[in-house]
Amino acid sequence: AILALGIGLSRRSPVDIELCVVAGHIVRVLGRREFQARSISMDASAQSEDNHKLDTLDASGGFIQVRSRGDVHQKGFWHRNVHVWILDLSEELLLMQHRPPSHKVAAGMWTCCTGHVLMGEPSLAHAIKAVESDFKIVYPETSFEFLFSCKEITERSDITVKQMIDVYALALENAPKTNTLAIESDVADAVRYVSLPELEGVYAQEVADHVRSPNPEYPQRLFRAVAKLFRRYQDTFVRDDSGDERNNEKEATQMIDTLDESGVLGEPGRRGEVDRQSMWHRAVHVWVLDVSVGAVLLLQRSKKKRHFSLQWNCSSGRVKAGDPAFPAAVKSIKDDAGLVRLAESEFEFMFHARNEADTGGGCLLKQYVDVYCVTLPSDSYPSAPAVDTLQLARGEVDAAQYMAVDELERIWAEGKAAKPQFVIPSSEEYRQRLFYLLRQKLRKMNSGGSPGAAAITE
């Protein structure tokens with residue numbers, strides 16, 4: 001009766017199938033009166049993959065018996081498998097890995113993270129283990145979302161592989177960069193992110209070097225589920241961002257000090273409301289100057305940002321109600337560009353200025369700005385970090401570049417109408433003081449002096 005659970009694989013959840021498998025084990029053990037403990041090693045290095053024990057199933061997903069993986073493949077038994085699609089929600093991308101030519105399955109082909117579910121093992125547990133094995137990263141089971149189950153029959157040279165696949169998504173707002181993943185050469189020789197339209201094109205064009213499920217139900221359900229996850233994330237993002245340009249509830253209700261035209265402190269207000277009413281408030285700008293080449297670090301605002309979307313600027317941030325400016329400056333550059341090794345002593349206060357700017361997001365931003373400079377090389381960074389090594393804040397910063405001070409000054413001189421892709425301060429005082437002080441630092445370095453930071457004063 002237990003083995004008859006469900007009315008077909010398409011209507012069963014992984015839990016239903018796993019109950020069948022567990023029930024099958026109970027019947028087998030009781031039938032043989034085997035009550036002794038069974039010790040199973042899950043260490044792949046202790047046995048070859050062909051000797052791994054798998055549960056064989058009937059065509060409805062009911063448990064039959066345990067067999068070795070090699071035997072299962074050679075004799076064409078149904079067995080369980082997992083697919084895990086790792087999603088970068090902020091960029092709407094999917095992670096794929098390329099199997100090396102020596103790989104036994106899918107050699108020389110692009111695929112997602114996959115794995116055979118071992119005997120008596122829940123599919124979710126193996127999904128977690130497969131990600132850890134392939135990429136050496138561990139996420140809790142709450143990060144995995146079951147998408148669907150699918151039957152698949154694949155013909156491979158001299159064998160027929162029959163699998164019942166549980167498909168999961170590991171949907172991440174801060175997905176790992178490909179250059180940070182630790183992959184073993186016998187598992188994969190390359191990894192990359194692809195967009196959903198790219199993956200749809202793989203199936204439409206039947207691209208030969210990509211693993212494609214022969215079951216037409218698989219891509220249909222996968223594409224629909226992934227698109228839904230991307231939409232769900234974007235809907236949440238837009239709701240949070242519409243209030244005050246931040247993607248989380250904490251900053252959506254952030255309180256900041258307001259000021260009058262003379263800089264006299266007024267009542268604190270919610271950040272979103274302060275923006276909508278164009279009220280004066282406090283902010284920080286942090287300029288990172290590489291004196292070795294005479295260039296500053298510019299960050300491109302995320303395309304998802306309501307204010308200054310896709311525009312280039314220095315690192316910037318708001319000052320919370322009652323807080324001094326300096327901690328906000330330190331937090332801003334560390335969060336935006338990932339320069340976490342910077343010491344507080346390496347931040348130099350340059351000047352204070354009033355500035356107004358049309359954000360392009362429906363408001364006129366009015367700020368009293370404290371402007372800081374970090375000079376590189378420094379004790380924390382013996383050389384300025386290369387752009388491709390920066391850990392940019394996802395959802396906040398899309399790209400980074402170093403630009404010569406002279407070139408930036410020329411762009412600002414042309415004005416916003418000519419260079420709409422740059423955030424250009426409206427304050428002439430801001431522009432004059434910034435470039436004067438940056439050049440002063442460069443002259444000091446060129447004359448053999450040290451550009452070391454001055455004491456911080458508030």
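All values below come from the heavy atoms of this structure, side chains included, with hydrogens, waters and symmetry mates left out.
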**Student:** For L118 and E121, what are the C-alpha separation, side-chain angles and deciding distance, and is it a side chain to side chain contact (heavy atoms under 4.5 Å, CB included)?
**Tutor:** CA-CA 6 Å; L118 303 185; E121 185 180 36; 3.6 Å; yes
**Student:** Classify the side-chain pair Q311/R301 by whether it contains a donor and acceptor separated by less than 3.5 Å.
**Tutor:**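 R301 and Q311 do not have a side-chain donor-acceptor pair below 3.5 Å.
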**Student:** Check this for me, if you would: do D186 and R99 make a salt bridge, where the nitrogen-to-carboxylate-oxygen distance has to be below 4.0 angstrom?
**Tutor:**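 Looking at D186 and R99, the cut-off is not met.
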**Student:** Under the side-chain hydrogen bond (donor to acceptor under 3.5 Å, both in side chains) test, which residues partner S378, sequence neighbours left out?
**Tutor:**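 Counting only residues at least two positions away or on another chain, S378 forms a side-chain hydrogen bond (donor to acceptor under 3.5 Å, both in side chains) with E346.
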**Student:** Would you kindly say whether N51 and S68 are connected by a side-chain donor-acceptor distance under 3.5 Å?
**Tutor:**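 Not at all, the side chains of N51 and S68 share no donor-acceptor pair under 3.5 Å.
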**Student:** Please check if the distance between the ring centroids of H126 and H116 is under 6.0 Å.
**Tutor:**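 Centroid separation for H126 and H116: 6.0 Å or greater.
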**Student:** Is the shortest side-chain N to carboxylate O distance from K162 to E152 below 4.0 Å?
**Tutor:**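 Salt bridge flag = no for E152 with K162.
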**Student:** At their closest point, which heavy atom of L89 faces which heavy atom of F230, and how far apart are they?
**Tutor:**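 Taking every non-hydrogen atom into account, CD2-CD2, 3.9 Å.
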**Student:** So, S213 and N215: side-chain donor and acceptor under 3.5 Å apart, yes or no?
**Tutor:**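 Note: S213 and N215 side chains miss the donor-acceptor criterion.
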**Student:** Assess the residue pair L298 and Y402 against the criterion (side chain to side chain contact (heavy atoms under 4.5 Å, CB included)); give the C-alpha distance rounded to whole Å, side-chain angles, the decisive distance to 0.1 Å, and a yes or no.
**Tutor:** CA-CA 6 Å; L298 296 180; Y402 287 100; over 6 Å; no
**Student:** Testing I333, V374, V286 one by one against L339 for a side chain to side chain contact (heavy atoms under 4.5 Å, CB included), which residue passes?
**Tutor:**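 Result: among I333, V374, V286, I333 is the only option passing the side chain to side chain contact (heavy atoms under 4.5 Å, CB included) with L339.
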**Student:** Going by atom types only, do H210 and Y203 share a side-chain donor-acceptor pair under 3.5 Å?
**Tutor:**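 Looking only at side-chain atoms, Y203 and H210 do not form any donor-acceptor pair under 3.5 Å.
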**Student:** I'd like to know whether the aromatic ring centres of H285 and Y430 sit less than 6.0 Å apart in this structure.
**Tutor:**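 Aromatic pair counts; centres sit under 6.0 Å.
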**Student:** Please check if the side chain of R67 supplies one atom and the backbone of D55 the other of a donor-acceptor pair under 3.5 Å.
**Tutor:**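 No.
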**Student:** Is D398 salt-bridged to K303, cutoff N-O under 4.0 Å?
**Tutor:**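 No salt bridge links D398 with K303.
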**Student:** Just checking, any donor-acceptor pair under 3.5 angstrom between side chains of E396 and S302?
**Tutor:**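 Short answer, no.
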**Student:** Would you say the rings of F347 and Y372 are close, in the sense that their centroids are separated by under 6.0 Å?
**Tutor:**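 No.
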**Student:** Cut-off 3.5 Å, no hydrogens considered: what does the side-chain donor-acceptor table look like for residues 132-142, sequence neighbours left out?
**Tutor:**
| residue | atom | partner | partner atom | Å |
| --- | --- | --- | --- | --- |
| D134 | OD2 | Q97 | NE2 | 2.9 |
| K136 | NZ | S133 | O | 2.7 |
| K136 | NZ | E184 | OE2 | 3.2 |

**Student:** Hey, is the main chain of G62 close enough, under 3.5 Å, to the side chain of D58 for a donor-acceptor pair?
**Tutor:**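 Yes, the answer is positive, given that a donor and an acceptor are paired below the 3.5 Å cut-off.
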**Student:** Parallel, tilted or perpendicular: which describes the rings of H79 and H73, with under 30° parallel and over 60° perpendicular?
**Tutor:**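 Geometry flag for H73 against H79: tilted rings.
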**Student:** Working to the nearest 0.5 angstrom, can you tell me the gap between C373 SG and W287 CH2?
**Tutor:**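 Result: 10.0 Å between the selected atoms.
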**Student:** Dump the intermediate steps for salt bridge (charged side-chain N to carboxylate O under 4.0 Å, His left out) on E173 and R394, then the final yes or no.
**Tutor:** CA-CA 8 Å; E173 183 175 10; R394 291 185 179 273; over 6 Å; no
